[in-house]
Student: 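First the structure, then my questions, so here it is.
In what follows, chains carry the letters A, B, and so on, assigned in the order in which the sequence lines appear, proteins first and then strands, with residues in each chain numbered from 1.
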Protein chains: 2
Amino acid sequence: MAKLDASLLNNLAPFDQLDARQRQEVLDLARVRRIPAGKSVFEEGMEATHFNLLLDGHVRVERLNPEGEKVISLHIPPGQLFGIARALGRDHFPATALAVTECLVLVWPTALWDTFVERYDGFAAEAYKVVGNRVSEMNNRIMELATQHVEQRVARAILRLMQEHGLANDAGTQIAFPVTRKVISEMTGSTLHTVSRLLSRWERQKIVQSQHRRICVLDAVRLEQLTHSVH
Amino acid sequence: MAKLDASLLNNLAPFDQLDARQRQEVLDLARVRRIPAGKSVFEEGMEATHFNLLLDGHVRVERLNPEGEKVISLHIPPGQLFGIARALGRDHFPATALAVTECLVLVWPTALWDTFVERYDGFAAEAYKVVGNRVSEMNNRIMELATQHVEQRVARAILRLMQEHGLANDAGTQIAFPVTRKVISEMTGSTLHTVSRLLSRWERQKIVQSQHRRICVLDAVRLEQLTHSVH
DNA sequence: CGTGCCTTTGAGAAATATCAAAGCCTGTGG
DNA sequence: CCACAGGCTTTGATATTTCTCAAAGGCACG
């Protein structure tokens, strides 16, 4: 395998405070994996032998309930650490990570976690910030599921995808990877039929535009308004 | 204030691996707070100037959504660390902690967090285990809210209260603090009316017994069955 | 011993799922 | 280059769950 170039780690928060030598060190300890779209990076229940950083692509984190229904926890944008079970004192992955587009992932053995925390300034802080953010997102998710209607949850889910994974174009902001009605229903605890009806309505109202797995938000302000309940 | 006795820390996971001298050290740095039932230990949004350990009593963690609806995140049993925003790189509390019975709480300034992590073996591991467990519970919560019906969620909520806060008696297992229909509805994203109807039915079926804020589980096995969807 | 929660229950409304069916893209293999 | 299979989407009709509204009775604490 060709030696990786330290510039790969530029602008990545966990290694922000490292100098070039340290970055090379970190990279020399890493392995790069290319994951084709649709394949998993790791699966729920697997032993967490490695931790990961997403260099490129988009990863979907999902779990199955005992009845086999899928629930999508979150989507990870490029540049983030993920599968860091170790930061939570876990030795098995609590969820499955799926490459939703082709992905490039840096991978280190979990055994190096403590070394990284100790040796590299800012690494631990960034890792716990990621955990903190995820916890906070989960909390919000719980609040939404507990108190809001499907329409509001779907609007919020699409807004989040837009904010985290959006590509601005002339007409609006397009979500960077294919998203089906089914996926949105699994993100919101709903059904693909209800999501389809909502999107059809919003399309008529020129709030979003979508064709075959591509969703583009035309009017984020109105979508944001839809996330608030009217009562 | 009288000097605290080091035996207070016996059998508390975060300080399990400490010797008597270290325990005294830890206690000398602590303050004890007594919180009357119904008062808050800290409030959502407050700066996290301290972290806490619940010596005695039961704490309810809750948030308000923008519409002012309450959502109960979890209940904390005696012996656990809580309000450890620092472990997640947060400097403000993400939720309110309410004493649901009279509570005794050990309190340390957040500034000591790093010292504890560094100096006391097992403290960091225990702290991150607590975080890991909470994250895992939150994940389960999300799955339930997304895929299960109210009946199943309520059954699960009561089972959890029983497991974490139950006092076995001759007839069954009683939840150690008062719980109203409203509280259960706020734990499950439901309404007090629906919860009342469910509990009435279960009372007729001899699965639970309840009178005025006291709930006692008579048949945990049947309650467990109710958490599974029938399809 | 009354006032303020707490609980129960009914009736009707609303949100959302389920069932059903048809049409539509798109990538693939011949 | 075309046709087709398989997944994706739409929409209607109906069923179900759960909430909302309403009212009355009960318990406990001050």
Side-chain angles (χ1 to χ4, degrees), chain A residues 36-38 65 67 69-71 98 100-102 144-155 157-158 175 177-205 208-216 226-227 229-231, chain B residues 36-38 65 67 69-71 98 100-102 144-155 157-158 175 177-205 208-216 226-227 229-231:
Chain A
N65 79 358
E67 277 79 35
E69 294 159 284
K70 196 180 292 176
V71 175
L98 203 76
V100 55
T101 57
E102 175 171 304
E144 285 166 22
L145 285 164
T147 65
Q148 305 206 297
H149 288 178
V150 170
E151 176 165 13
Q152 298 156 357
R153 305 204 303 262
V154 170
I158 292 177
I175 295 166
F177 49 84
V179 176
T180 66
R181 310 297 184 249
K182 182 128 190 298
V183 162
I184 295 176
S185 74
E186 288 163 350
M187 295 174 65
T188 53
S190 174
T191 63
L192 71 144
H193 305 91
T194 301
V195 172
S196 173
R197 281 181 237 271
L198 288 169
L199 286 180
S200 296
R201 188 158 87 220
W202 295 343
E203 181 121 25
R204 264 177 260 128
Q205 299 171 196
V208 304
Q209 192 189 322
S210 77
Q211 62 248 307
H212 198 67
R213 319 206 291 168
R214 292 277 156 198
I215 294 180
C216 183
L226 289 172
T227 67
S229 60
V230 277
H231 268 293
Chain B
N65 79 358
E67 277 79 35
E69 294 159 285
K70 196 181 290 174
V71 176
L98 204 76
V100 56
T101 57
E102 175 171 303
E144 285 165 22
L145 285 164
T147 64
Q148 305 204 298
H149 289 174
V150 170
E151 176 165 14
Q152 298 158 355
R153 305 204 303 261
V154 171
I158 293 177
I175 295 166
F177 50 83
V179 176
T180 66
R181 311 295 185 250
K182 182 129 190 300
V183 162
I184 296 176
S185 74
E186 288 164 350
M187 295 173 65
T188 54
S190 173
T191 64
L192 70 145
H193 306 91
T194 301
V195 172
S196 174
R197 282 182 237 270
L198 288 170
L199 285 179
S200 295
R201 189 159 86 218
W202 295 343
E203 181 122 23
R204 266 178 258 127
Q205 299 172 196
V208 305
Q209 192 189 320
S210 78
Q211 63 248 304
H212 198 67
R213 319 207 291 167
R214 292 279 156 195
I215 294 180
C216 182
L226 289 171
T227 66
S229 59
V230 276
H231 268 291

Student: Return the OG to CG distance between B/Ser190 and B/Leu145, rounded to the nearest 0.5 Å.
Tutor: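 Between B/Ser190 OG and B/Leu145 CG, I get 10.5 Å after rounding to 0.5 Å.
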
Student: Atom CD of B/Gln211 and atom P of C/dT7: how far apart are they, to the nearest Å?
Tutor: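 Result: 11 Å.
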
Student: Quick check on C/dC6: is either OP1 or OP2 less than 4.0 Å from any side-chain nitrogen or oxygen of B/Arg213?
Tutor: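 Affirmative; the distance criterion is met.
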
Student: Return the value, rounded to whole Å, for the distance between atom NE2 of A/His149 and atom C1' of C/dA17.
Tutor: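 It is 15 Å, rounded to the nearest whole Å.
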
Student: Between A/Arg181 and A/Ser210, is any side-chain donor less than 3.5 angstrom from a side-chain acceptor?
Tutor: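 Yes - a donor-acceptor pair under 3.5 Å links their side chains.
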
Student: Quickly work out the A/Lys182 NZ to D/dG6 C1' distance and round it to whole Å.
Tutor: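 To the nearest whole Å, that distance equals 14 Å.
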
Student: Angle, rounded to 10°, between the helical axes spanning five pairs at each terminus of the helix from C/dC1-D/dG30 to C/dG30-D/dC1?
Tutor: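 One end axis against the other gives 40°.
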
Student: Considering only heavy atoms, which members of residues 189-199 of chain B lie under 4.0 Å from some atom of DNA chain D?
Tutor: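 Result for residues 189-199 of chain B: B/Gly189, B/Ser190, B/Thr191, B/His193, B/Thr194, B/Arg197, sorted by number.
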
Student: Mapping A/Gln148 and A/His212 to their closest nucleotides on DNA chain C, which lands nearer the 5' end?
Tutor: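 Result of the comparison: A/Gln148.
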
Student: I need the CD1-P distance between A/Ile184 and D/dT10, as an integer number of Å.
Tutor: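 Spelled out: CD1 on A/Ile184 to P on D/dT10 is 10 Å.
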
Student: If you compare all heavy atoms of B/Pro178 against all heavy atoms of B/Thr101, which two are closest, and at what distance to 0.1 Å?
Tutor: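 In terms of heavy atoms, the two residues are closest at CD-CG2, 4.4 Å.
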
Student: Could you state the atom-to-atom distance from CD1 of B/Ile215 to P of C/dT7 in whole Å?
Tutor: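 That distance rounds to 8 Å.
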
Student: Is A/Ser200 near enough to D/dT9 that one of its side-chain N or O atoms lies under 4.0 angstrom from OP1 or OP2?
Tutor: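 Checking D/dT9 against A/Ser200, no side-chain N or O comes under 4.0 Å of OP1 or OP2.
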
Student: In Å, rounded to the nearest 0.5 Å, how long is the span from CD of A/Glu203 to CZ of A/Arg201?
Tutor: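 With rounding to 0.5 Å, CD (A/Glu203) is 13.5 Å from CZ (A/Arg201).
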
Student: A/Arg153 has an atom CZ; how far is it from atom C1' of C/dA17, in whole Å?
Tutor: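 Nearest whole value for this atom pair: 12 Å.
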
Student: Partners of A/Arg213 by salt bridge (Lys or Arg N to Asp or Glu O under 4.0 Å), sequence neighbours excluded?
Tutor: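 A/Arg213 satisfies salt bridge (Lys or Arg N to Asp or Glu O under 4.0 Å) with no residue once adjacent residues are dropped.
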
Student: Keeping the roles fixed (side chain from A/Thr188, backbone from A/Ile184), state whether a donor-acceptor pair exists under 3.5 Å.
Tutor: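 A pair under 3.5 Å: yes.
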
Student: Which value, rounded to the nearest 0.5 Å, describes the distance between B/Glu144 atom CD and B/Thr227 atom OG1?
Tutor: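 That separation rounds to 8.0 Å.
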
Student: So which heavy atom on A/Arg153 is nearest to which on A/Gly189, and how close?
Tutor: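 It is NH2-O, 3.2 Å.
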
Student: Atom NZ in A/Lys182, atom OG in A/Ser196: separation rounded to 0.5 Å?
Tutor: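 So the NZ of A/Lys182 and the OG of A/Ser196 are separated by 14.0 Å.
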
Student: Round to the nearest Å and state the distance from A/Arg201 atom CZ to D/dT9 atom C1'.
Tutor: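 One finds 17 Å between C1' of D/dT9 and CZ of A/Arg201, rounded.
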
Student: Taking only side-chain N and O atoms of A/Arg181, does any of them lie within less than 4.0 angstrom of OP1 or OP2 on D/dC8?
Tutor: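 So the side-chain polar atoms of A/Arg181 never come under 4.0 Å of the phosphate oxygens OP1 or OP2 of D/dC8.
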
